[in-house]
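Structure, as structure tokens:
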Amino acid sequence: MYLEELKKIVTYALEKCGFVIEARIIISNRPDLCDYQCDDCFKIAKLYHKNPIAVGEEIVKCLKELTNIEETFKDIELVKPGFINFKLSDNFINKYIIVMNNTDHFGMQKKEKDELFYIDYGGANIAKPLHVGHMRPAIIGESLKRIINFAGYKTLGDAHLGDYGLQLGEVIYGILRDFPNTDVQNIKFDIAYLDKTYPAMSKLCKENEEVLKECQKITKDLQDGNPNYVLLWKQICEISIKDLKRLYAYLGVDFDFWYGESECYPIIPEMKEYLEHLGIVEVSNGAKVIPIKEATDQKELPPFLLEKSDGASLYSTTDLACIYERMQRFNPNHILYVVDKRQSLHFEQVFRAAKKANMTPNTSLEHIGFGTINGPDGKPFKTRSGETLKLDQLITDVKVAFLNLKETNKDMSDDDINKIVNAIIKFADLQNNWSRDYIFDIEKFSSVIGKTGPYILYTYLRINKIIKDIDITKDLTNNIYNEYDRNLRLKLLELESIITDAVKDRMPSYVAEYLYSLCVIVNNFYQNNYLTNLDDKQKKNDWIIILTLTNRIIKVLLNLLVIDIPTVM
RNA sequence: GUUCUCGUAGCUCAGUAGGAUAGAGCGUCCCCCUCCUAAGGGGAAGGCCGUUGGUUCGAUUCCAAUCGAGAACACCA
């Protein structure tokens, strides 16, 4: 929007000077000197074998000679080694503030092309309770989906439940052991039973090889349609999904599809036939594989595993089958996998196999490999008793910590408390770059001061209190009243480029960072511009417009971070 | 062993299509509630951006080496 216009003006000036290069205008990293800067003098100097300062002088001269240039820039200055510094005119800033204010999408252009992003971000396993490790894909994936959507692209979210792997064989083994003399039709159990059965069976399988073999056999038979196993499997899924939906609903995470791996099982034979037909399947140690090593590779890469030596399918099989199926059904332009980064080798294998099989000629496959949540020892977080922390427990802990902060917090409605708990957890997570591990600290997850979700909510609510009772009577004038006011308006303009970058890099943290800095600036404004009893009607009206726009943006960005706003704090 | 990722303030983290004086939060110290909720605002202290070289006008960012931490490495997911 506005940045394009600035770029166009400067590029035009460069052209007039005889430099054929597209100008790059960036937000100033010296706000004390300017609003925006252009560092192209160095590049041009090298390209045309000139002195950067001489180049800069030429460009600045050209710019200043353009007609009506003062309507865009208050000041253009060439500094030291070769930076061109720009200060925007009030006129220019307000022109775009008005555009943002008068459109429901803040003046951002709707995307013309119908790009579809298929986002796979659940990764929860049936029959296993959600633990802290499941929090990240849920939050990051949901936020990414909303950001991409907001930028104008189409999205589909898929929970991709782990409903067909070995863990199901293990749980079924446990059930058969616990209900030895009961007809399978009459076996009934609940979520609490499942919660304790999986960990117990998992432990048993690690200790006892025979049990493991039996579980593998059950897994294979289940895949082949053994009716008793299928019956139990259906009950496990039903109970488990109900509980998963409860927790995901608490987090505000929703999927377009609650598909599991099992969904793509019917298509596996067709896919295998397709792969065999291509002649890329080989047999290795009794298993069917697709070699994926390329000539340019330096490193060793294990082949893609299509079929185990006992004929059973595994994780890699279903992932490839899912790609095969998704391409047929939806033909997405991008498939994003929001999955723990420890699985990066797995995804490299799957992506290479898909590419080798020419399944995705015009589709990008991306692994959003987020880091693990670690304990103080640098290993994935465990509770004091050595177990993984359940997501339910984390939420409860955060809630208790919040209630204990202030006596009055206990008077808040449940709904408001839950919104704040969500804000604490999500903002603490999403402000990080997802590729990195972070250390879990319950104290950090109970803090409401500083760079936290509650700080953002508090800012929104205090601004809302000012603007809600004052009507806007006139359009925005062309004035900017002081530096706090100006800083706020400049920050508002940045919105579009933040969203664009967040989509490009798949980074919700950009949105979180911007939202926080916007709140810092608006709090600054708040503290220094007392508004309710202001005599200057015009100034008051202008400020109400600015604050209303600011709060509209804060609200939208909070939604992109999957955070809802409570009624009071 | 091979490959990959990461070393930034006391702590937890932002930041790189190479740019001017490296930013936050917490913690520490000081100041601000007659006035839109102080879950707020202002200020101070705190850094050889792991180390050593290289590339260049310029490197936290790119390259190499080195030290340190973590992860992955075919029939689990």
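Not measured: the values here are computed from a predicted model. Every chain is numbered from 1 and lettered A, B, ... according to where its sequence line falls, protein lines coming before strand lines.
The P atoms of G15(B) and G7(B) are separated by 10 Å, rounded to the nearest whole Å. Annotation: G25(B) and U37(B) have their P atoms spaced 24 Å apart (nearest Å). The separation of C67(B) from G27(B), taken at their C1' atoms, amounts to 30 Å, rounded to a whole angstrom. Using C1' as the reference atom, U52(B) and G43(B) are 39 Å apart when rounded to the nearest Å. With both ends at atom C1', the span from A69(B) to C32(B) equals 44 Å, rounded to whole Å. For the P atoms, the distance linking C73(B) with C29(B) amounts to 48 Å, nearest Å. Here, A59(B) and G18(B) have their P atoms 13 Å apart, quoted to the whole Å. A64(B) and G42(B) have their P atoms separated by 43 Å, with the value rounded to a whole Å.
Both geometric conditions, a ring-centre gap below 5.5 Å and a plane tilt below 30°, are not fulfilled together for F83(A) over the base of G19(B).
With G25(B), G70(B), A77(B) as the choices, the nucleotide that has an atom nearest any side-chain atom of K451(A) turns out to be G25(B). Out of C73(B), C36(B), A20(B), the shortest distance to the side chain of L345(A) is found at C73(B). Each of C6(B), G15(B), A39(B) was ranked by its minimum atom distance to the side chain of M507(A); first place goes to G15(B). Residue K465(A) places its side chain closer to U37(B) than to any other of G40(B), U37(B), U5(B). Closest to the side chain of V448(A), out of A38(B), A39(B), A20(B), is A39(B). The side chain of L314(A) approaches A77(B) more closely than any other nucleotide in the set A24(B), G41(B), A77(B). Side-chain atoms of N432(A) lie closest to A14(B) of the nucleotides U12(B), A14(B), G42(B). Here the side chain of I449(A) is nearest to one of A39(B), A77(B), A20(B), namely A39(B). For Y516(A), the side-chain atoms get nearest to G25(B) when compared with the rest of U37(B), G25(B), A77(B). Of all nucleotides listed (A20(B), A38(B), A77(B)), A20(B) comes nearest to the side chain of N29(A).
Evaluation of atom-type donor-acceptor distances gives a pair under 3.5 Å for the side chain of K406(A) against the base of A39(B). Remark: the Q431(A) side chain and the A14(B) base include no donor-acceptor N/O pair separated by less than 3.5 Å. A donor-acceptor contact under 3.5 angstrom links the side-chain atoms of N409(A) to the base of A39(B). Applying the 3.5 Å distance criterion, the base of A20(B) shares a donor-acceptor pair with the side chain of N85(A).
The residue N285(A) sits close to a base: some heavy atom pair falls under 4.0 Å. When heavy atoms are screened at a 4.0 angstrom cut-off, L301(A) is found touching no nucleic acid atom at all. Among the protein residues, N529(A) comes within range of the nucleic acid bases, having at least one heavy atom under 4.0 Å from a base atom. As judged by a 4.0 angstrom heavy-atom cut-off over every strand, P454(A) is placed among residues making no nucleic acid contact. Counting any heavy atom pair closer than 4.0 Å across all strands shown, F402(A) reaches a base atom. When heavy atoms are screened at a 4.0 angstrom cut-off, E261(A) is found touching the sugar-phosphate backbone but no base atom. Nucleic acid contact for D310(A): none, since no nucleic acid atom lies under 4.0 Å from a heavy atom of the residue. In this structure, V520(A) reaches neither bases nor backbone, as no heavy-atom distance under 4.0 Å exists between it and the strands shown. Contacts of Y315(A) with the nucleic acid, taken as non-hydrogen atoms under 4.0 Å apart, include base atoms. When heavy atoms are screened at a 4.0 angstrom cut-off, S435(A) is found touching no nucleic acid atom at all.
For T473(A) and D471(A), the side-chain atoms include no donor-acceptor pair closer than 3.5 Å. If you check the side chains of T388(A) and K382(A), you find no donor sitting under 3.5 Å from an acceptor. Checked by atom type, the side-chain pair N125(A)/H134(A) shows no donor-acceptor distance below 3.5 Å. A donor-acceptor contact closer than 3.5 angstrom links the side chains of Q343(A) and Y315(A). If you check the side chains of Y36(A) and N85(A), you find no donor sitting under 3.5 Å from an acceptor.
The pairing partner recorded for A44(B) is U28(B), the criterion being a Watson-Crick or G-U wobble arrangement whose two distances lie under 3.5 angstrom. Of the nucleotides present, C73(B) is the one that pairs with G1(B) by Watson-Crick or G-U wobble criteria, both distances under 3.5 Å. Base-pair partner of C33(B): not found among the strands shown (Watson-Crick or G-U wobble, both distances under 3.5 Å). Using Watson-Crick or G-U wobble geometry with both donor-acceptor distances under 3.5 Å, A22(B) finds no partner in any strand shown. Across all strands shown, U60(B) forms no Watson-Crick or G-U wobble pair with both key distances under 3.5 Å. Using Watson-Crick or G-U wobble geometry with both donor-acceptor distances under 3.5 Å, U66(B) finds its partner in G50(B).
Looking at R486(A) and D35(A), a side-chain N of the basic residue comes within less than 4.0 Å of a carboxylate O on the acidic one, giving a salt bridge. Between E207(A) and K203(A), at least one side-chain N (NZ, or NE/NH1/NH2) sits under 4.0 Å from a carboxylate O, which counts as a salt bridge.
Where G165(A) and S28(A) meet RNA chain B, the nucleotide closest to each residue was compared, and S28(A) sits on the side nearer the 5' end. Where P302(A) and Y438(A) each meet RNA chain B at their nearest nucleotide, the meeting point lying more 5' is that of Y438(A).
As a whole-Å value, the separation of L457(A) CG from A39(B) C1' is 10 Å. Going from atom CZ of F347(A) over to atom P of C4(B) covers 20 Å, rounded to whole Å.
Classified by its glycosidic torsion, C57(B) falls in the anti category, the angle being over 90° from 0.
OP1 or OP2 of A14(B) has at least one side-chain nitrogen or oxygen of R436(A) nearer than 4.0 Å. In terms of phosphate contacts, Q216(A) brings a side-chain nitrogen or oxygen within less than 4.0 Å of OP1 or OP2 of C76(B).
In this structure, I470(A) CD1 and T532(A) OG1 are separated by 6.5 Å, a value rounded to the nearest 0.5 Å.
Side-chain contact between N422(A) and D564(A): absent, with no pair of heavy atoms (C-beta onward) separated by less than 4.5 Å.
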